[in-house]
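In what follows, a single structure is set out as structure tokens and then discussed.
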Amino acid sequence: MNEAEILNAKILVVDDAEANLKLLEDLLTREGFHQVISTADSTRALDLFKAFEPDLILLDLMMPELDGYAVLEMLSRHIPKDEYLPVLVLTADATIGAKRKALALGAKDFLTKPFDTIEAMLRVWNLLETRILYRHLKSLNASITPAVHLPQATE
């Protein structure tokens, strides 16, 4: 795996605040990511997930209509159990209950707003690296055919 492979990852950002979307898009672009889409409308998250097939989702929790918990629940029904698709929750809700609930619903990491931009980008890199390593391992496992051992005939 190389840096270019990580930078080619697809990232979906879901946050109802346009200012947050702009900040995250700018951070990701400056970092070198070029396949980033975002939405301020959480009701579009599932459709965008299906169409874009992201490698990482950055998700706000406190949004109108569908909050981040509802989005996590919807995603969990569409992500195969043998797949590793990281969701990084970015929220102003710093309570332990919010963190526990988000992680229990499938989020892989959690940052509270306002967040340190360097830390956020390090977490993005780490999650994407794990995603790509997981895909490599899955591909390698699929390419290995199990050896068939037939019992030896005895005389």
Side-chain angles (χ1 to χ4, degrees), residues 1-42 44-64 66-142:
M1 171 183 42
N2 57 36
E3 184 176 304
E5 193 173 6
I6 293 174
L7 290 173
N8 197 43
K10 297 184 215 174
I11 302 172
L12 171 61
V13 183
V14 183
D15 194 310
D16 63 313
E18 293 289 345
N20 291 341
L21 290 178
K22 175 94 172 88
L23 169 70
L24 290 166
E25 289 167 0
D26 289 349
L27 279 172
L28 292 165
T29 301
R30 279 200 313 266
E31 194 71 16
F33 295 100
H34 56 273
Q35 295 196 77
V36 179
I37 63 170
S38 62
T39 183
D41 180 359
S42 60
R44 295 189 58 223
L46 186 60
D47 288 337
L48 289 171
F49 162 76
K50 289 178 183 177
F52 187 56
E53 298 180 349
D55 294 298
L56 172 65
I57 300 171
L58 305 181
L59 179 66
D60 184 23
L61 285 183
M62 297 184 291
M63 297 181 287
L66 286 179
D67 64 15
Y69 302 118
V71 172
L72 282 167
E73 287 175 3
M74 285 189 328
L75 290 172
S76 72
R77 293 192 293 272
H78 291 88
I79 298 170
K81 297 295 179 209
D82 66 341
E83 194 63 44
Y84 175 79
L85 177 67
V87 176
L88 171 57
V89 167
L90 303 165
T91 183
D93 187 348
T95 64
I96 192 72
K99 185 181 288 189
R100 287 178 179 167
K101 185 174 180 181
L103 293 170
L105 289 171
K108 300 300 184 214
D109 206 348
F110 192 99
L111 273 175
T112 54
K113 298 175 188 173
F115 52 83
D116 176 78
T117 57
I118 294 172
E119 180 183 0
M121 288 304 99
L122 288 169
R123 289 175 187 255
V124 164
W125 276 91
N126 288 342
L127 289 167
L128 286 171
E129 182 180 28
T130 303
R131 161 87 170 162
I132 291 166
L133 287 170
Y134 183 88
R135 280 201 331 233
H136 282 276
L137 182 60
K138 191 173 177 183
S139 174
L140 183 62
N141 283 341

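Everything numeric here is computed off the predicted structure, so don't read it as measured data.
- A donor-acceptor pair under 3.5 Å is absent between the side-chain atoms of Gln35 and the main chain of Ala9, judged by distance alone.
- In this structure, the side chains of Asn8 and Phe33 stay at 4.5 Å or more apart for every pair of heavy atoms.
- One N or O on the side chain of Thr130 and one on the backbone of Asn126 form a donor-acceptor pair closer than 3.5 Å.
- Looking only at side-chain heavy atoms (C-beta outward), Leu88 and Leu59 stay at 4.5 Å or farther from each other.
- Between Asp60 and Asp16, the closest side-chain pair of non-hydrogen atoms falls below 4.5 Å.
- Ion pairing between Asp55 and Lys10 fails under the 4.0 Å rule for side-chain N and carboxylate O.
- Side chain of Ser42 to backbone of Leu66: a donor-acceptor contact under 3.5 angstrom is found.
- A salt bridge is absent between Glu5 and Arg131; no separation between the charged side-chain nitrogens and carboxylate oxygens falls under 4.0 Å.
- Side-chain atoms of Arg123 never come within 3.5 Å of backbone atoms of Asp109 as a donor-acceptor pair (strictly under, hydrogens ignored).
- Between Val13 and Leu28 there is a side-chain heavy-atom pair separated by less than 4.5 Å.
- Contact of the Met121 side chain with the Thr117 side chain is not registered, since no non-hydrogen atoms from C-beta on lie closer than 4.5 Å.
- With contacts defined as side-chain heavy-atom distances shorter than 4.5 Å, the pair Ile132/Ile6 qualifies.
- Using a cutoff of 4.0 Å between basic side-chain nitrogens and carboxylate oxygens, Lys99 and Asp93 are not scored as salt-bridged.
- A salt bridge is defined here as a Lys NZ or Arg NE, NH1 or NH2 lying under 4.0 Å from an Asp or Glu carboxylate O, and Lys22 with Asp26 meets this definition.
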